[in-house]
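Here the structure is a predicted model, which is why all the values come from computation and not from measurement.
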Amino acid sequence: MKTSLDLPDELYRKVKSKSALEGLAVREVATALFAAWVDGRVTPSELDPAKSASSPTDPWPKWLEQWRALTRQIGESDAGSGGLVEQLRADRR
């Protein structure tokens, strides 16, 4: 059955890009998502954009928090060892 959906342009571009990178058609992605929802594998609350980690209401997206934790970890593991952080500091001088 054919149907039409109104999607925000930005969302459609992201879906189209990601599905192309994964070698899928947008139709395949949509069909899989609809099937997961109908089968109960995905709940409506999981589909609520307001609850997603990267929603506009979330000032620190999940990827940013992970990046900040990684930079702290690198700094702590490199402290006083003359490693990467020290090399970067020396390069700035």
Between atom OH of Y12 and atom OG of S19, what is the distance when rounded to the nearest 0.5 Å? 7.5 Å

Donor-acceptor check, side chain of E28 to backbone of A25, threshold 3.5 angstrom: yes or no? yes

Quickly, which of L21, V26, L11 forms a side-chain contact (heavy atoms from CB on, under 4.5 Å) with K16? Name it, please. V26

Salt bridge (charged side-chain N to carboxylate O under 4.0 Å, His left out) against D9, all qualifying residues, sequence neighbours excluded: none

For L33, which fellow cluster members are found when Ile, Leu, Val, Met, Phe, Trp and Tyr are connected by side-chain heavy-atom distances below 4.5 angstrom, either directly or through intermediates? L24, V29

To the nearest 0.5 Å, tell me how far K2 NZ sits from R27 CZ. 7.0 Å

Partners meeting side-chain contact (heavy atoms from CB on, under 4.5 Å) with K14 (sequence neighbours left out): E10

